[in-house]
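We count residues from 1, following the sequence as given.
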Amino acid sequence: MKKLILITLLYCVANHYVFSQEEQTVLIENANIFDGTADTLAMGMSVLVKGNKIEKIAKKIKAPKGAQVINANGRTLSPGFIGTHEHLMFQMSAGELLTSDTRYFAYVATSTAKKYLYSGWTSVRDAAGNTFSLKTAIDKGIVEGPRIYASGAMISQSAGHADHCLGSNHSSIISEDHDILVEYGDMAVVNGVPKVLEAVREQLRFGANQIKIAVGGGTGSYADPLDVVEFTPEEIKAAVQAAGDYNTYVMAHVYNNDGIRRAIECGVKSIEHANLVDEETLQLMKDNDVWLSAQVGVYTFIPHGYTEDQANKHRQAYAGIDNMFKAAKKIGFDKIGFGTDIITDPSRIDALNDEFIFRQDWFTNAEILQQATSKSGELLGMSHRFSPGKIGVIEEGAVADILLIDGNPLEDFKILQDPENNLHLIMKDGKIFKNLVK
């Protein structure tokens, strides 16, 4: 009987907590709104948040009883920023990555997640890594961080981008001698359709929002130059079908044209990097409604622990960015996501928002902000089953991921480089994490 009473009390407390969270009401007044899609600000507006959704947007809104009222006093109100290609688990040196235990990985990742949120990033698509427990801890309020769209282990073939075995490792033909990232569930190395299906379904079992595969060489792996194509069409189609059967999609790491074309022909919906793409292949992406998840800042430095061969591949990738973006602008290709792909360098996480600056060689401030909000929100929204609602926009019915910025980022991105002083309000899912508004 006592056990039944205790369970009943816990149930009532839990339901009261959920109810109170849903009914929390915040009114933000006198804000200049960047809605995620426009080129200009809507001046002197009010936004009413109820629970985790934006309920109303108007010039004047009467404060409901019990509402928390915040006077933006002319600050810019923006959707929270969204990263489409992040690595929350890998912000340590290459030596630490290959020698640390899972608990150290987790401790470092909690620090990384907090830095993302307090830099204004309210959602991220993690592009490889065992972030399932981190995602759960954030969702439960145990750890502060952005909303995570987890991919789980990046899946590649042997000698592919997920394969970090060294010469000292035994051949997989004669033994199951995996590197530590495979052992920890951050990477998966498989060959053949049955194994690809198994790897995809395992990530979905753990709670993956979408599936990440590698179909071309990478800068951080040892055995694959950037021009190689990875996975046969049958293997890629198997991954796409398994993900599609689960009502989600496949994102593919690849730099070169042949790999991009194979991925598109097999049903992949998001191409990661694509630095060496040509105009014709970009047109194929456009014609097939495929997203480009591109990054700039990570190629402006050599990640810690890279060998000279890896560094040369990294330089090769950097050299292709200018042509990629110029070709995209030429053909009117604008399904471009925002993100960083930063690995093995915690100091770079402290400067996440430099990515806004790096893109100014090709895009206007408005275009970049749209990439970091509504465009990336649309990309992440392809994971229909797991979506909390519409993100990346300030509109009625959208998820209440909201920033108040001291200044106008449409005119000056330098203010975003100092989030500690210039992000005066950070709200995620209707919950306020930071409020400096007086």
Side-chain angles (χ1 to χ4, degrees), residues 85 87 90 94 127-128 151 153-167 169 171-173 177-179 181-182 186-193 195-196 199-200 211-240 250-282 284-285 290 292-295 298-299 302-303 305-321 323-324 327 341 343-344:
H85 193 112
H87 291 295
F90 302 149
S151 302
M154 177 173 66
I155 304 167
S156 89
Q157 66 180 42
S158 292
H161 190 46
D163 190 348
H164 293 85
C165 283
L166 303 174
N169 292 100
S171 169
S172 60
I173 298 173
D177 190 9
H178 298 299
D179 65 78
L181 297 180
V182 172
D186 298 300
M187 304 286 173
V189 179
V190 295
N191 299 285
V193 168
K195 286 294 185 181
V196 169
V200 169
I211 297 299
K212 165 80 176 291
I213 64 174
V215 300
T219 73
S221 38
Y222 300 107
D224 52 349
L226 299 189
D227 63 294
V228 304
V229 180
E230 300 173 4
F231 276 144
T232 64
E234 292 75 19
E235 290 170 316
I236 299 172
K237 288 177 182 177
V240 169
V250 171
M251 53 192 287
H253 161 102
V254 58
Y255 288 95
N256 65 74
N257 290 301
D258 291 340
I260 294 170
R261 287 176 173 271
R262 180 178 292 184
I264 295 169
E265 290 162 0
C266 293
V268 168
K269 286 299 179 183
S270 178
I271 300 297
E272 310 303 304
H273 314 309
N275 298 36
L276 306 182
V277 70
D278 60 23
E279 183 180 324
E280 292 74 21
T281 304
L282 271 173
L284 184 66
M285 291 176 62
V290 173
L292 169 61
S293 174
Q295 310 81 36
V298 70
Y299 299 103
I302 303 301
Y306 265 28
T307 65
E308 189 56 27
D309 179 63
Q310 289 171 311
N312 284 333
K313 290 193 290 182
H314 211 65
R315 297 181 186 106
Q316 181 186 358
Y318 176 75
I321 294 174
N323 178 72
M324 174 180 65
D341 193 30
I343 56 172
T344 71

Side-chain donor or acceptor of [X] paired with backbone N/O of [Y] under 3.5 Å:
X: Asp224; Y: His161; result: yes
X: Asp163; Y: Val189; result: no
X: Gln157; Y: Phe231; result: yes
X: Glu235; Y: Val193; result: no
X: Lys212; Y: Ala127; result: yes
X: Asn275; Y: Ala319; result: no
X: His87; Y: Thr344; result: no

Between [atom1] on residue [X] and [atom2] on residue [Y], distance to nearest 0.5 Å:
X: Asp309; Y: Lys313; atom1: CG; atom2: NZ; answer: 5.5 Å
X: Lys269; Y: Ile264; atom1: NZ; atom2: CD1; answer: 9.0 Å
X: Ile213; Y: Ile155; atom1: CD1; atom2: CD1; answer: 7.5 Å
X: Glu230; Y: His253; atom1: CD; atom2: NE2; answer: 6.5 Å
X: Glu280; Y: Asn257; atom1: CD; atom2: CG; answer: 8.0 Å
X: Met251; Y: Ser151; atom1: CE; atom2: OG; answer: 4.5 Å

Locate the shortest heavy-atom distance separating [X] from [Y]; write the atom from each residue and the value.
X: Ala162; Y: Val182; answer: O-CG2, 4.4 Å
X: Val268; Y: Val290; answer: O-CG2, 3.7 Å
X: Gln310; Y: Gly220; answer: NE2-O, 2.7 Å
X: Gly160; Y: Ser221; answer: O-CB, 4.0 Å
X: Gly217; Y: Tyr255; answer: O-CD1, 3.2 Å
X: His85; Y: Ser293; answer: CB-OG, 3.7 Å

- Message: For Thr219 and Tyr306, which I'm curious about, is there any donor-acceptor pair between the side chains at under 3.5 Å?
- Response: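 Yes, a side-chain donor-acceptor pair sits under 3.5 Å.
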- Asp258 and its side chain to side chain contact (heavy atoms under 4.5 Å, CB included) partner, picked from Asn256, Val254, Ile260: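 When side chain to side chain contact (heavy atoms under 4.5 Å, CB included) is applied between Asp258 and each of Asn256, Val254, Ile260, only Asn256 qualifies.
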Taking the side chain as every heavy atom from C-beta outward, state whether [X] and [Y] have any pair of such atoms under 4.5 Å apart.
X: Met187; Y: Ser156; result: no
X: Pro303; Y: His314; result: yes
X: Gln316; Y: Leu276; result: yes

- Apply the test side-chain contact (heavy atoms from CB on, under 4.5 Å) to residues Met285 and Leu292: give CA-CA distance (whole Å), side-chain angles for both, the deciding distance (0.1 Å), then the verdict. CA-CA 8 Å; Met285 291 176 62; Leu292 169 61; 3.9 Å; yes
- Salt-bridge criterion met for Glu308 and Arg315 (N-O under 4.0 Å):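 Judged by the 4.0 Å cut-off on N to carboxylate O distance, Glu308 and Arg315 do form a salt bridge.
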